[in-house]
Protein chains: 2
Amino acid sequence: MVEPTAGAEMRADARRNRENILAVAREVFDQQGTEASLRDVARRAGVGIGTLYRHFPTRDALLEAVLRNGLENMRAAADEALEASSPREALIAWLQRFSERSGACRGFPASVLNALVDEQSELHASSAAMMEAATRLLARAQEAGEIRKDVDAEELFAAAAAVGWVAEYSGRKRAERILGLLGDGLATTG
Amino acid sequence: MVEPTAGAEMRADARRNRENILAVAREVFDQQGTEASLRDVARRAGVGIGTLYRHFPTRDALLEAVLRNGLENMRAAADEALEASSPREALIAWLQRFSERSGACRGFPASVLNALVDEQSELHASSAAMMEAATRLLARAQEAGEIRKDVDAEELFAAAAAVGWVAEYSGRKRAERILGLLGDGLATTG
DNA sequence: ACCTGAACACCGTTCAAGT
DNA sequence: ACCTGAACACCGTTCAAGT
């Protein structure tokens, strides 16, 4: 097993190429979504298509490298939110942030949701870590009696991804209103 | 303007081809989703790729022909539901039916939601008609005081499509539970 | 009037040949 | 060790040539 993020022992030109591809991919994915042409990425990075595949053997591998930071941030945000005063508000705010991030890159919600379910996906680890953090956030709100207990984290997560997906088609505004509906549905009833 | 559904004045072989393409497309879209290969459809239908394009100049045109019946049925179902005893339950049941139908064909929710927003889409008319019917269903439930008044039909519709989308990734079961959350969020509050 | 398939411009992915 | 691009098998879409 080779650590793909390895750096120091990589040849200087290889290192440069890798970082160049990454920077370009970030831009292209943001503009065109997660299904953007890899050939296009290689071209813009001024690199042969084979080089791209050498560094990132699958689309998911490249996506993982591009999204890792963002997912890590979301995980950290969830951990921090554990200390907020209102468990319910903290959870809702986090969900909103997640669905906002989703709307910023077409295909992002699908990729993350997919990675969560598919343990083979290179995105699985990052996604799962983020969801674990979100799970704690949910549990706290449930224990505080502020969120109904018959929902699990995956469900909540899928809902947030769905809201992000809606933003791709109907715009962020509508997406936000739907998130509001969900938030009300999550409140403890009876 | 030529009526694309025209029949009697079409040459017999053309008519046969058209119907064959349609039947095959229905199957292929159901199996592989709305992004399935058109070339594959033509191949399976035993027809040149040019013939497919002659009958259906765009993917949307083919999709429209395939989905028209289903959308029309959903529209009719919404109209019938207007006479159900419980306006709220009728609306929720319709939404569930819509999201179920969505889950049956990958890409269906995206196509319909897209068509709703894009007036140029060949799917626009069918989709819009369905949503108009759903709008009446919503309005009745709101007038009966059973659904909050600060939601509009497009919002509700987008939410239902999102639930259908979720089913593509996380399964129907989870999708149904999310629809339940939405249903509770839709209830009149305060 | 209609059908066909070659043609064009793109993909994703692999791998022999080069440095 | 790494890079390159040709090669292969696919697309979507158009259009000249055929019946």
Side-chain angles (χ1 to χ4, degrees), chain A residues 1-22 24-25 28-29 31-66 106-107 110-111 114 120-122, chain B residues 1-22 24-25 28-29 31-66 106-107 110-111 114 120-122:
Chain A
M1 262 281 272
V2 189
E3 173 55 48
T5 333
E9 69 284 359
M10 243 199 304
R11 237 166 59 181
D13 58 340
R15 216 192 187 313
R16 263 201 314 274
N17 278 339
R18 192 180 191 281
E19 258 148 37
N20 208 219
I21 292 169
L22 218 47
V24 170
V28 172
F29 284 150
Q31 279 166 21
Q32 323 203 38
T34 53
E35 300 296 342
S37 161
L38 296 184
R39 263 187 135 104
D40 194 32
V41 171
R43 218 151 29 215
R44 294 202 204 191
V47 129
I49 179 68
T51 301
L52 185 147
Y53 273 90
R54 161 167 258 266
H55 287 291
F56 307 99
T58 68
R59 172 175 238 107
D60 254 27
L62 180 52
L63 220 43
E64 201 275 335
V66 168
R106 207 153 20 101
S111 291
N114 211 24
Q120 303 309 309
S121 165
E122 263 132 327
Chain B
M1 267 279 273
V2 188
E3 173 55 50
T5 335
E9 70 283 357
M10 244 198 301
R11 236 167 58 180
D13 57 341
R15 213 190 190 312
R16 262 201 315 274
N17 279 339
R18 191 181 192 281
E19 258 149 37
N20 208 219
I21 291 169
L22 218 47
V24 170
V28 172
F29 283 151
Q31 279 166 20
Q32 323 204 38
T34 53
E35 300 297 341
S37 160
L38 297 183
R39 263 186 135 106
D40 194 33
V41 171
R43 217 149 31 213
R44 293 202 205 192
V47 129
I49 180 66
T51 303
L52 185 146
Y53 274 90
R54 162 166 260 266
H55 286 291
F56 306 99
T58 68
R59 174 174 236 107
D60 254 27
L62 179 52
L63 219 44
E64 200 277 334
V66 168
R106 206 152 23 100
S111 290
N114 211 25
Q120 302 310 309
S121 163
E122 262 131 330

Exercise for the section: Calculate, to the nearest 0.5 Å, the distance between atoms CZ and CG belonging to A/Phe56 and A/Leu38 respectively. Expected result: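 Interatomic distance, A/Phe56 CZ to A/Leu38 CG, rounded to 0.5 Å: 11.0 Å.
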Exercise for the section: Would you give the length of the straight line joining atom CG of B/Asn17 to atom CG of B/Leu52, rounded to the nearest 0.5 angstrom? Expected result: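 If I round to the nearest 0.5 Å, the distance is 10.0 Å.
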Send over the distance from [X] [atom1] to [N] [atom2], rounded to a whole Å.
X	N	atom1	atom2	answer
A/Arg43	D/dA6	CZ	C1'	15 Å
A/Glu19	D/dC2	CD	C1'	16 Å
B/Tyr53	C/dA7	OH	P	18 Å

Exercise for the section: Verify, without hydrogens or angle tests, whether A/Arg18 (side chain) and A/His55 (backbone) share a donor-acceptor contact under 3.5 angstrom. Expected result: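 Here the side-chain-to-backbone pair does not exist.
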Handout entry: Those residues that, when tested against B/Asn114, pass side-chain hydrogen bond (donor to acceptor under 3.5 Å, both in side chains) (two or more places apart)
Key =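 With neighbours one apart ignored, the set is empty.
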Handout entry: For B/Thr58, all residues meeting side-chain hydrogen bond (donor to acceptor under 3.5 Å, both in side chains), sequence neighbours excluded
Key =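 Expected list: B/Glu122.
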Exercise for the section: Just call it for B/Arg16: base, sugar-phosphate, or nothing, with non-hydrogen atoms closer than 4.0 Å on any strand. Expected result: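 Nothing: the residue B/Arg16, judged by heavy atoms under 4.0 Å, touches no strand.
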Practice task
Check whether more than 12 heavy atoms from other residues, nucleotides or ligands sit under 6.0 Å from atom CD of A/Gln120, and answer yes or no.
Solution key: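 Open.
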Practice task
For A/Asn20, check side chain to side chain contact (heavy atoms under 4.5 Å, CB included) against everything at least two apart and list the hits.
Solution key: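 Here the qualifying residues are A/Ala45.
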Problem - side chain to side chain contact (heavy atoms under 4.5 Å, CB included) partners of B/Arg106, counting only residues at least two apart - result: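 Once residues adjacent in sequence are excluded, the partners of B/Arg106 under the side chain to side chain contact (heavy atoms under 4.5 Å, CB included) criterion are B/Glu168.
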Each nucleotide N or O in nucleotides 3-5 of chain D that has a protein N or O under 3.5 Å away: list the pair and distance.
{"unit_1": "D/dC3", "atom_1": "OP1", "unit_2": "A/Asn17", "atom_2": "ND2", "d": "2.3"}
{"unit_1": "D/dC3", "atom_1": "OP2", "unit_2": "A/His55", "atom_2": "NE2", "d": "3.3"}
{"unit_1": "D/dT4", "atom_1": "OP2", "unit_2": "A/Gly48", "atom_2": "N", "d": "3.0"}
{"unit_1": "D/dT4", "atom_1": "OP2", "unit_2": "A/Thr51", "atom_2": "OG1", "d": "2.9"}
{"unit_1": "D/dG5", "atom_1": "O6", "unit_2": "A/Gly50", "atom_2": "N", "d": "3.4"}

Problem - Residue pairs passing the side chain to side chain donor-acceptor pair (under 3.5 Å) test where at least one lies in residues 43-54 of chain B, sequence neighbours excluded - result: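 The answer is B/Asp40-B/Arg44.
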Handout entry: Strand contacts (DNA chain C) in residues 31-41 of chain B, 4.0 angstrom heavy-atom criterion
Key =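 Listed by number, they are B/Arg39.
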Practice task
Check DNA chain D for consecutive Watson-Crick or G-U pairs with both distances under 3.5 Å and list the runs of at least three as stems.
Solution key: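 Stems found: C:4-8 with D:12-16, C:12-16 with D:4-8.
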Practice task
Could you check A/Arg15, A/Arg11, A/Arg16 and say which one makes a side chain to side chain donor-acceptor pair (under 3.5 Å) with A/Asp13?
Solution key: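 Among the candidates, only A/Arg11 passes.
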